[in-house]
*Asks:* 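Below: one structure in structure tokens.
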Amino acid sequence: MSYVLPTLSKKQELDSIIRDTIDKVLVLRFGRASDSVSLQLDQILSKAARDVSKFATVALVDVDSQDIQVYVNYFDITFIPSTVFFFNAHHMKMDSGTADHTKWIGAFHRKQDFIDVVEAIFRGAMKGKLIVNCPIPPERIPKYQLLYKDV
């Protein structure tokens with residue numbers, strides 16, 4: 001399903017889409033085309049892309065590209081897939097009850113979960129917020145353990 005959505009593999013492409021997406025939520029999925037969870041998320045994103053097209057743009061980012069490693073390190077993309085949200089070139093954060101508010105880690109369970117998250121981020125961003133509460137029930141939020149090195 002990743003052929004439906006634009007795939008970014010260069011830093012310049014990523015810079016320009018972040019800079020040029022105005023008054024819409026930019027959804028960037030960092031992952032691999034060979035990963036099964038990334039493919040599951042890609043299927044949900046491609047199905048929902050048309051439904052959210054009035055207030056969001058969805059793009060895929062290949063984490064294996066050497067040119068993208070600046071963003072992979074900056075957003076600390078250690079779990080694949082990770083989804084990062086922007087609005088008017090501002091990084092949007094979401095409090096989903098996990099330790100990391102900067103990105104969504106894993107796949108969404110349903111298409112409607114993704115639409116609800118993007119809509120909550122859009123509504124919060126239109127009100128000037130940089131962090132929003134997650135509208136998804138806690139039982140449908142992926143759980144993971146963060147391990148810190150040298151702490």
*Asks:* Just by distance, do the side chain of Thr21 and the backbone of Ile18 share a donor-acceptor pair under 3.5 Å?
*Replies:*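 No, the answer is negative, given that no donor and acceptor are paired below the 3.5 Å cut-off.
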*Asks:* For Leu8 and Ile17, work out which heavy atoms get closest and say how close.
*Replies:*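 That would be CD1-CG2, 3.7 Å.
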*Asks:* I need the minimum non-hydrogen distance between Ser82 and Ile105, along with the two atoms involved.
*Replies:*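 What the structure gives for the nearest pair is OG-CG1, 4.0 Å.
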*Asks:* Glu119 side chain to Phe114 main-chain N or O, any donor-acceptor pair under 3.5 Å?
*Replies:*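 No, Glu119 side chain to Phe114 backbone: no donor-acceptor pair under 3.5 Å.
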*Asks:* Is the shortest side-chain heavy-atom distance between Asp23 and Asn88 below 4.5 Å?
*Replies:*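 Answer yes - side chains close enough.
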*Asks:* Where is the tightest heavy-atom contact between Ile115 and Ala48, given as atom of each residue plus distance?
*Replies:*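 Where Ile115 meets Ala48 most closely, the heavy atoms are CG1-CB, 4.0 Å.
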*Asks:* Do side-chain atoms of His90 reach the backbone of Leu130 as a donor and acceptor pair under 3.5 angstrom?
*Replies:*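 No, His90 side chain to Leu130 backbone: no donor-acceptor pair under 3.5 Å.
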*Asks:* Assigning hydrophobic clusters by single linkage (Ile, Leu, Val, Met, Phe, Trp, Tyr; side-chain heavy-atom cutoff under 4.5 Å), is Phe108 placed with Val52?
*Replies:*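 Per the 4.5 Å side-chain linkage, Phe108 and Val52 are co-clustered.
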*Asks:* In Å, rounded to the nearest 0.5 Å, how long is the span from CG of Leu26 to CZ of Arg19?
*Replies:*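 These two atoms lie 12.5 Å from each other.
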*Asks:* Once rounded to the nearest 0.5 Å, what's the spacing between atom CG of Asp116 and atom CD1 of Ile121?
*Replies:*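 Rounded to the nearest 0.5 Å, the CG-CD1 separation comes out at 11.0 Å.
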*Asks:* Quick one: salt bridge (Lys or Arg N to Asp or Glu O under 4.0 Å) pairs with a partner in residues 76-97, sequence neighbours left out?
*Replies:*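 Not a single pair qualifies under salt bridge (Lys or Arg N to Asp or Glu O under 4.0 Å).
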*Asks:* Flag yes if Phe79 and Phe75 sit in one hydrophobic cluster, no otherwise; membership is Ile, Leu, Val, Met, Phe, Trp, Tyr, and two members link when side-chain heavy atoms are under 4.5 Å apart.
*Replies:*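 Different hydrophobic clusters.
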*Asks:* Please give me the minimum heavy-atom distance between Gly31 and Ile80, naming the atom from each residue.
*Replies:*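 For Gly31 and Ile80, the tightest heavy-atom pair comes out as CA-CG2, 3.7 Å.
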*Asks:* Check whether Ile131 and Phe85 end up in the same hydrophobic cluster, where Ile, Leu, Val, Met, Phe, Trp and Tyr are linked by side-chain heavy atoms less than 4.5 Å apart.
*Replies:*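 No: no chain of side-chain contacts under 4.5 Å links Ile131 to Phe85.
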*Asks:* Using a strict 4.0 Å threshold on nitrogen-to-oxygen distance, state whether Lys11 and Asp15 make a salt bridge.
*Replies:*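 Yes.
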*Asks:* Identify whether Val63 and Leu14 are in the same connected component of the hydrophobic contact network (ILVMFWY, side-chain heavy atoms under 4.5 Å).
*Replies:*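 Same cluster: Val63 reaches Leu14 through Ile, Leu, Val, Met, Phe, Trp or Tyr contacts under 4.5 Å.
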*Asks:* Rounded to the nearest 0.5 Å, what separates atom CG in Asp51 from atom NZ in Lys111?
*Replies:*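 So the CG of Asp51 and the NZ of Lys111 are separated by 4.0 Å.
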*Asks:* Which atom names give the shortest non-hydrogen contact between Gly106 and Leu41, and what distance separates them?
*Replies:*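 Distance-wise, the nearest heavy atoms are O-CD2, 3.8 Å.
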*Asks:* Should Ile136 and His109 count as side-chain neighbours, where that means a heavy-atom distance under 4.5 Å?
*Replies:*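 When only atoms from C-beta onward are counted, His109 and Ile136 do not touch, as no gap falls below 4.5 Å.
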*Asks:* Applying a strict under-4.5 Å side-chain criterion to I, L, V, M, F, W and Y, I'd like to know whether Val25 and Leu45 cluster together.
*Replies:*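 Yes; Leu45 is reachable from Val25 via cluster members.
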*Asks:* Which heavy atom of Pro81 sits nearest a heavy atom of Val37, and at what distance?
*Replies:*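 Reported closest heavy-atom pair: CD-CG1, 3.5 Å.
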*Asks:* Atom CG in Leu39, atom OG in Ser34: separation rounded to 0.5 Å?
*Replies:*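 Going from CG on Leu39 over to OG on Ser34, the span is 7.5 Å.
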*Asks:* Using 0.5 Å steps for rounding, measure from the CZ atom of Arg29 to the CG atom of Leu60.
*Replies:*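 Interatomic distance, Arg29 CZ to Leu60 CG, rounded to 0.5 Å: 4.5 Å.
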*Asks:* Could you measure the distance from the CG atom of Asp42 to the CZ atom of Arg32? Nearest 0.5 Å is fine.
*Replies:*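 Rounded to the nearest 0.5 Å, the CG-CZ separation comes out at 13.0 Å.
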*Asks:* Which class fits the ring pair Phe86 and His91: parallel under 30°, tilted 30 to 60°, perpendicular over 60°?
*Replies:*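 Taking His91 first and then Phe86, their aromatic rings sit tilted (interplane angle of 30° to 60°).
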*Asks:* Can you confirm whether Gln12 sits close enough to Asp67 that some side-chain heavy atom of one is under 4.5 Å from a side-chain heavy atom of the other?
*Replies:*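 No, every pair of side-chain atoms sits at 4.5 Å or beyond.
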